[in-house]
Number of protein chains: 2
Amino acid sequence: MDVVILQWPAEEERRASLLDCGTPRLLLVGRTALPPVSSDPREDWVRMPSSDRDIQARVAGLTLRCREQDSGPTPGPTLSLDNDGILSNGRNWVALPPIEAALVGALLDSSGSVVSRATLQNAAWPDRDTPPNTLDVHMTRLRRRLVPVDVVVRTVRSRGYILDI
Amino acid sequence: MDVVILQWPAEEERRASLLDCGTPRLLLVGRTALPPVSSDPREDWVRMPSSDRDIQARVAGLTLRCREQDSGPTPGPTLSLDNDGILSNGRNWVALPPIEAALVGALLDSSGSVVSRATLQNAAWPDRDTPPNTLDVHMTRLRRRLVPVDVVVRTVRSRGYILDI
DNA sequence: AGATGCCGTTCATCCCACCGAAATATTGGC
DNA sequence: GCCAATATTTCGGTGGGATGAACGGCATCT
């Protein structure tokens, strides 16, 4: 887990998204900006300008702190899908309708590798076959629903789809 | 729990003893000193010289972080239901009539996962079965009553209900 | 007893999430 | 530019839930 370094307050939105997925981050605080106050142990900041040595030290501290914490009770941002179609990522979650749950299930099973359209069709409609476009439609809907939990489905043209967290 | 401010590396021994008793501390790092690298979330440091504003921000961050951590691994606001049907969330509370209390009880037992309609029916009417719509009506009333205590019951279509805090 | 208020039940109706299909738009490879 | 693959939008149908209203039981208050 690497520390992400970003500008503050310029990259405020990026910071928010990193916070959501629990990525450790170091904010470089502009000369006149107000430093952010956060309770997140995965965040730190330095007032710019600052020596490389100090920045390295902050990064090292952050890394240590995260490692410590990850080895603790919090196993880290895990993506999981339960039997009721609840997909949770960290503290966020969504309820997926049956078909979309089946699709995510198939994508999750082969997490990290591409899943073919045929496999997905089979997972979602085991006992029937559908016009090919149906899958596309459900993919679009699924993608929309996954936005709040910060999960992305990438398409690999003429090969299939793959999950990206 | 107050933050102790001390010089680094001059007060190295004092730092060690504060670390032992878990007191939050902010090290003022001398102009040429090497910054300490620590995994302790109750410690922070600033390179001197530094503005009061920045030091205040560090102290505030440390304080927040400690408070968060002290409140234990359960970060959620304590939601509890007693035997008299009093549901309290922080300093807010409501009195629930017997059936609604039973419903909340069941939802709370499986907090974090979906509770089926069947389970809820069984919790609310253990010795008899009701027309399915009865549950809906009680759910509607329950929701209305839960607004002031800031608790939401989400429905997971054709699966059941889940508590959301 | 009558009045009042809370609770539980049922009924009737309305809303909206989910799904499938078809039409249209966009993208990528050649 | 052309074609194939994929995206997106729209529409209608279906069924699960949500909601409001009405009724009866039961307690408390006057």
Side-chain angles (χ1 to χ4, degrees), chain A residues 81 83-87 93-107 114-149 151-164, chain B residues 81 84-87 93-107 114-148 151-164:
Chain A
L81 175 71
N83 296 333
D84 295 315
I86 302 290
L87 177 73
W93 57 271
V94 273
L96 302 178
I99 294 204
E100 294 173 26
L103 292 174
V104 170
L107 288 167
V114 177
V115 182
S116 72
R117 294 177 66 91
T119 305
L120 290 172
Q121 301 238 14
N122 206 53
W125 301 275
D127 45 6
R128 161 176 104 85
D129 67 332
T130 62
N133 174 265
T134 303
L135 179 58
D136 297 307
V137 174
H138 281 275
M139 274 306 185
T140 297
R141 299 205 247 242
L142 177 58
R143 284 177 162 134
R144 234 197 305 279
R145 209 186 306 270
L146 291 185
V147 172
V149 282
V151 174
V152 174
V153 179
R154 297 238 173 121
T155 115
V156 183
R157 192 184 172 87
S158 80
R159 292 273 182 285
Y161 298 86
I162 185 172
L163 215 56
D164 187 12
Chain B
L81 175 70
D84 297 320
I86 302 289
L87 177 73
W93 58 272
V94 273
L96 301 177
I99 295 212
E100 294 176 26
L103 292 174
V104 170
L107 288 168
V114 177
V115 182
S116 72
R117 294 178 66 93
T119 304
L120 291 172
Q121 302 237 14
N122 207 53
W125 301 276
D127 44 7
R128 139 184 122 81
D129 67 333
T130 63
N133 174 264
T134 303
L135 179 58
D136 296 309
V137 174
H138 283 275
M139 273 306 185
T140 297
R141 290 180 182 166
L142 176 58
R143 283 177 162 134
R144 238 197 301 278
R145 212 183 307 266
L146 290 185
V147 172
V151 174
V152 173
V153 179
R154 295 226 182 136
T155 115
V156 182
R157 191 186 171 87
S158 80
R159 295 237 157 75
Y161 297 86
I162 185 172
L163 217 55
D164 189 9

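Lettering follows sequence order; numbering is per chain, from 1.
Using a 4.0 Å heavy-atom distance criterion, B:S158 is classed as a sugar-phosphate-only contact. Within the 4.0 angstrom heavy-atom criterion, only backbone atoms of the sugar-phosphate kind lie near A:T155; the bases stay farther away. At a threshold of 4.0 angstrom between heavy atoms, the contacts of B:P131 are confined to the sugar-phosphate backbone, with no base atom among them. Using a 4.0 Å heavy-atom cutoff across all strands shown, A:R141 reaches at least one base atom of the nucleic acid.
Taken to the nearest 0.5 Å, the CE atom of A:M139 stands 9.5 Å off from the CD atom of A:E100.
Each of B:L120, B:N133, B:L103 was compared with B:H138 under the side chain to side chain contact (heavy atoms under 4.5 Å, CB included) criterion, and only B:L103 meets it.
The stretch residues 120-127 of chain A does not touch DNA chain D, since none of its heavy atoms comes less than 4.0 Å from the strand.
Take the nearest nucleotide of DNA chain C for A:R145 and for B:T130: the residue whose nucleotide is more 5' is B:T130. Judged by closest nucleotide on DNA chain D, B:R159 is the one of B:R159 and B:V137 placed further toward the 5' end.
Atom CG of A:D129 and atom P of C:dG20 are 12 Å apart (whole Å). In this structure, the CZ atom of B:R154 is 17 Å from the P atom of C:dC16, given to the nearest Å. Here the P atom of nucleotide C:dC7 and the CG atom of B:L96 are 10 Å apart, to the nearest Å. Per the geometry, NE2 belonging to A:H138 stands 14 Å off P belonging to C:dA22, to the nearest Å. Rounding to whole angstrom units, CD1 of residue B:I99 and P of C:dT10 are separated by 10 Å.
The outermost nucleotides of DNA chain D lying under 4.0 Å from heavy atoms of chain A, listed 5' to 3', are D:dA4 to D:dT9.
Here the shortest heavy-atom pairing between A:G85 and A:A101 reads CA-CB, 4.2 Å. The two residues B:A124 and B:I99 make their nearest non-hydrogen contact at CB-CG2, 4.0 Å.
Listed by first and then second residue, the salt bridge (Lys or Arg N to Asp or Glu O under 4.0 Å) pairs that reach into residues 115-128 of chain A are A:R117-A:D136, sequence neighbours excluded.
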Inset, instruction - Summarise how protein sits on nucleotides 24-29 of chain C as a single string, 5' to 3': B when a protein heavy atom is under 4.0 Å from the base, S for sugar-phosphate-only contact, - for no contact. - result: ---BB-

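The shortest side-chain heavy-atom distance between B:P97 and B:R141 does not fall under the 4.5 Å cut-off. Within the 4.5 Å cutoff, the side chain of A:L163 has heavy atoms near those of the A:V153 side chain. Using a 4.5 Å heavy-atom cutoff, the side chains of A:V151 and A:V104 are not in contact.
Here B:R154 pairs with B:D164 under the salt bridge (charged side-chain N to carboxylate O under 4.0 Å, His left out) rule; sequence neighbours left out. By the ring-ring contact (aromatic ring centres under 6.0 Å, His included) test, B:W93 is found to be paired with no residue, residues two or more places apart in sequence or in another chain being considered.
Within a 6.0 Å radius of CG in B:D129, other residues, nucleotides and ligands contribute 12 heavy atoms or fewer.
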